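For reference, the structure is listed below as structure tokens.
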Amino acid sequence: MILETILSSISHDGIVNFAPMGLHISDTDLERSPVKRIVFRLYPGSQTYENLKATGQGVINFTDDVLVFVETALYSGCPPSVPSQKVRPPSMAHASTIWEFTVTRFDPSTEPAFLEGKIEHREQRGGFAGFCRAQGAVLEAAIAATRWQWLPMGKIIDPWPVWLELVQKTGGNREREAFNKVGSFLVGKGIQVPIVSGDGRKASL
Ligand SMILES: Cc1cc2nc3c(=O)[nH]c(=O)nc-3n(C[C@H](O)[C@H](O)[C@H](O)COP(=O)(O)O)c2cc1C
């Protein structure tokens, strides 16, 4: 399965970066709790790709805060962080769980590149908050927005009304703000999409 996470990494110069990345874990590895081996598939061109290739350390931050996903994916956001125990990149202060890891294999010969890592330290800081369907919709919109240059326009425009309805019906303020930030990003790229008004009704940008 793939779990959507925020990955912290660091450059040679010590500049910290946060970005959403999908963590690949097999059912077998999940059953062998605690998980020891992790895999990411990284597209070239991101700062995360460069950092992990260069410095080989990262932190996997688990959070249900979709606003952090949108801000780090589309606006170079840097959430509040705290120092790590075993690696140089810090972790997200408000993550519910963090896994610090070192890279054991980085294979750039495939696209996306294949990264395998070993978990060096883990911390559980919060509990499971429950499913919210709007969060899934925001994640879908955000990942599509990160690929706006390559995706056929229909892959963004066609599902947008479904995502919008889910955010309107089931989201809270944070989901609405996050979804609107994806919308603003797309409008900035010339892709016209409607957004959600403060009271949950549909509004236009
Ligand atoms: C939910 C979500 C999951 C993502 N998963 C991946 C992934 O597995 N691999 C990847 O290369 N990019 C993934 N992306 C896209 C990167 O987050 C995006 O390219 C980001 O801008 C990279 O930021 P950076 O340049 O600061 O590293 C994902 C984006 C989102 C919103």
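Counting starts at 1 for both ligands and their atoms, following the listed order. What you are looking at is a predicted structure, and each value in this text was computed from that prediction instead of being measured.
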Can you tell me which residue and heavy atom of the protein come closest to atom 5 (N) of ligand 1, and the distance to 0.1 Å?
G22 N, 3.3 Å
Heavy atom to atom 31 (C) of ligand 1, shortest distance: which of L7, I143, L3, V182 holds it?
I143
Starting from atom 27 (O) of ligand 1, locate the nearest protein heavy atom and write down its residue, its atom name and how far away it is, to 0.1 Å.
T48 OG1, 2.6 Å
Starting from atom 30 (C) of ligand 1, what is the nearest protein heavy atom, named by residue and atom, and what distance separates them?
P20 CB, 3.6 Å
Using a plain distance cutoff, I'd like to know if T146 has any nitrogen or oxygen under 3.5 Å from a nitrogen or oxygen of ligand 1.
no
Numbered atoms of ligand 1 (with element) below 4.0 Å of A142, judged on heavy atoms
31 (C)
Proximal atoms of ligand 1 relative to R41 (non-hydrogen, under 4.0 Å)
7 (C), 8 (O), 9 (N), 10 (C), 11 (O)
Ring centroid separation for F40 and F106, is it under 6.0 angstrom?
no
Atom 26 (O) of ligand 1: nearest protein contact (heavy atom, Å)
N17 ND2, 2.9 Å
Which protein non-hydrogen atom lies closest to atom 11 (O) of ligand 1, naming both residue and atom, and how far is it?
Y43 N, 2.8 Å
Residue pairs meeting salt bridge (charged side-chain N to carboxylate O under 4.0 Å, His left out), one or both in residues 112-123, sequence neighbours left out, come to R37-E116, K118-E120, E123-R125
In terms of its nearest heavy atom to atom 24 (P) of ligand 1, the top option of M21, E50, E4, Q47 is Q47
Please identify each residue that fulfils ring-ring contact (aromatic ring centres under 6.0 Å, His included) with F69, with sequence neighbours left out.
none
